[in-house]
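Everything below concerns the one structure shown next.
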Amino acid sequence: MSQTLKAVRGTRDLLPPETALWNRIESTARSVFARYNFGEIRTPVFEDTALFARSVGEETDIVSKEMYTWEDRARAQSEKTQTLTLRPENTAGVVRAYIEHKLGETGQLQKLYYIGPQFRRERPQKGRYRQFSQIGAEVIGPPSAGSESPLRDAEVLEMLATLLDELGIKGWTLELNSVGSAADRERYNQTLREALIPLAPKMCVDCRRRAVTNPLRVLDCKVPEDQPIIETLPRIYDSLDEASKAHFAAVTATLDAAGVPYTRNHRLVRGLDYYTRTTFEFTHGGLGAQNALLGGGRYDGLSEAIGGPRAPGIGFAMGEDRLVLTLLAQELNQKSAPPQVDAYIAPLGESLNSAALALARELRHTGLYIELGEGSFRLKKSFEAADKTARSIVILGEDELQSGILTVKTFATGVQTKVPRAELAAFLAEPLKG
RNA sequence: GCGGCUAUAGUUCAGCGGCAGAACGCCUGACUGUGGCUCAGGAUGUCGUGGGUUCGAUCCCCACUAGCCGCCCCA
């Protein structure tokens, strides 16, 4: 019994016409990033495992159980084996590249974006795949370049609001919080742990476990009965030092001035260890449990954590798969787009096939979108095929070839006319006719 | 990693312990160089994979695989 080979669990093929939507999303993102003076960075799909362990955090689920990791065998005795990992996210790779290429030495703020596949070995669900694509950007640089300024946070958030609007995402929400410095966070963790000692026994089993293992995660609990208790817990804002409070106030004031709507979410504590101060999520209903379109935040200590110079930064990662799902759901109610193909060339008889390709070549060189039929088709079949794929049909029979005057029928109007070959391209290029 | 639901035509899905079904799509013709609307006809398939029960399994049971939903976590 031969097994048919299939895409492995959690991976999938993207086919037309959906790939057109992916391209639209990516070109929109590139266009917005360019206007904000971001340049593209492309880092390797795999990296030394230590990079992720030291940046994302040894204890996070991502690193402890979701990475695709393998031992790269040595090819020579002098070569050491290395433990490699398919990147589970891209910020670590970008910061590694920033350090490796000494971009901090330029003294300039680095504004970098990426679009590409990431890999996590999670249980697949709708909007969650083992190979998934993220669109992300990072603003990073030495403090002297202004990399710590709350203006940078606000600008990134304002850019994201612009991007989601230009993509046509309706009804997004920006949720904003601050987790403070690494020290603030540790202090809060301790405060929370203590506050939970008397409360945890009244909460769900997961919270009882989290109260000990990872108190911050209690804030994410969705069990309705636990909500009143969670509301009484200390808020992270009260554990922030004055500088972090001031930073957060400046971010919100700048957003207010720019007219970017947001809601404060005291419970928004992100899972990756490297986040400091500002953290945020843009969410959208209709994605089920995977309601986050994108998430991000500031990571002022990340560069140093992986052996680089001080290089504060802020960035985000957007789930491209989820953008596609959201846009597809929105477009369900809209009528399908008209065919992009300008004309379908129908040769009448196989002897006209070569003349048809020559004509198609001529028209395509003018920039027209042309589909080429097949001379063995009966004209009726050519019409049926043309009507499904193109806005018009160009009939190429012996008469047309001899006279140089082609027969063109426009489907939208049903009008059929004779057009000299020299005028054909111009005729087809007019939207109302072609 | 855990729990629940699901798997039948290209697609969306019915179905039943005893010949494999519908709609849409596809093909052919009515119409020999004219599509859409209509009418007539046609083909859809290892019923996810492997085992078991049974005279007989697409149906019942088990395992596996995959998808969906939730948990964990996260984009």
Side-chain angles (χ1 to χ4, degrees), chain A residues 1-12 15 56-57 59-67 88-91 116-136 160 204-207 209-210 213-214 216-217 220-223 268-272 275 280-284 287-297 315-326 344 346-349 352 373 375 377-400 407-416:
Chain A
M1 184 52 142
S2 67
Q3 291 292 59
T4 50
L5 291 168
K6 303 196 303 186
V8 304
R9 183 171 170 77
T11 71
R12 63 201 176 125
L15 307 171
V56 176
E59 301 304 317
T60 61
D61 274 24
I62 292 176
V63 171
S64 63
K65 57 186 197 193
E66 294 174 1
M67 296 202 304
E89 56 99 55
N90 218 150
T91 298
Q118 320 291 335
F119 306 85
R120 289 182 203 170
R121 199 177 180 292
E122 297 180 281
R123 181 75 168 241
Q125 285 180 29
K126 192 182 204 66
R128 183 203 306 209
Y129 304 96
R130 290 181 170 181
Q131 174 177 332
F132 57 102
S133 181
Q134 286 189 330
I135 300 175
L160 284 166
C204 68
V205 286
D206 286 328
C207 283
R209 176 177 49 76
R210 287 184 283 219
T213 60
N214 194 349
L216 289 179
R217 292 266 78 89
D220 291 334
C221 180
K222 297 183 184 77
V223 176
L268 183 65
V269 288
R270 306 199 51 75
L272 279 47
Y275 284 116
F280 58 86
E281 249 176 35
F282 282 73
T283 58
H284 190 274
L287 282 170
Q290 282 70 51
N291 69 336
L293 284 172
L294 66 92
F316 65 87
M318 174 180 292
E320 195 172 2
D321 304 75
R322 293 184 188 175
L323 286 179
V324 168
L325 278 178
T326 303
Y344 179 103
L348 293 188
L352 289 152
F377 291 175
R378 291 179 50 196
L379 189 58
K380 172 183 163 62
K381 182 166 171 172
S382 291
F383 261 85
E384 287 171 347
D387 192 31
K388 280 179 199 124
T389 55
R391 291 161 42 219
S392 67
I393 184 168
V394 175
I395 296 164
L396 180 63
E398 283 298 340
D399 294 350
E400 284 84 357
T407 305
V408 182
K409 186 160 185 177
T410 305
F411 291 123
T413 59
V415 174
Q416 182 164 314

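In what follows, every heavy atom counts, from backbone to side chain, and hydrogens, waters and symmetry copies are set aside. It should be emphasised that the depicted structure is a prediction, and the values quoted were computed from it without experimental measurement. Order of the sequence lines fixes the chain letters, A, B, ..., with proteins taken first and strands second; residue numbering starts at 1 for each chain.
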Q. Is A:Gly136 touching bases, backbone alone, or none of the nucleic acid, heavy atoms closer than 4.0 Å?
A. nothing
**Q.** Residue met sooner reading RNA chain B from 5', once A:Val415 and A:Val269 are mapped to nucleotides
**A.** A:Val415
Q.
What is the separation between atom CG on A:Asp61 and atom P on B:A75, rounded to the nearest whole Å?
A. 12 Å
Q.
If the cut-off is 4.0 Å, is A:Arg123 near the phosphate of B:G70, judged by side-chain N/O to OP1 or OP2?
A. no
Q. Do we count A:Phe411 as stacking onto B:G36 if the rule is ring centres under 5.5 Å and planes under 30°?
A. no
Q) So does A:Glu400 reach the base of B:G33 with its side chain, donor to acceptor, closer than 3.5 Å? A) yes
Q. Does B:G25 have OP1 or OP2 sitting under 4.0 Å from an N or O in the side chain of A:Lys388?
A. no
(Q) Measuring to OP1 and OP2 of B:G67, would you say a side-chain N or O of A:Arg12 lies under 4.0 angstrom away? (A) no
(Q) Between A:Arg217 and A:Asp61, does any side-chain N to carboxylate O distance fall below 4.0 Å? (A) no
Q. When only distance counts, do a donor and an acceptor, one from the side chain of A:Lys409 and one from the base of B:G35, lie under 3.5 Å apart?
A. yes
Q. Do the side chain of A:Gln118 and the main chain of A:Gly116 share a donor and acceptor less than 3.5 angstrom apart?
A. yes
Q. Does a distance-only test, which skips hydrogens and angles, find a donor-acceptor pair under 3.5 Å between the side chain of A:Arg120 and the base of B:A75?
A. yes
Q) Does A:Gln125 put a side-chain nitrogen or oxygen below 4.0 Å from OP1 or OP2 of B:G70? A) yes
Q | For atom CZ of A:Arg130 and atom C1' of B:A75, their distance in whole Å | A | 16 Å
Q) Think A:Arg9 has a side-chain N or O under 4.0 angstrom from the OP1 or OP2 of B:A66? A) yes
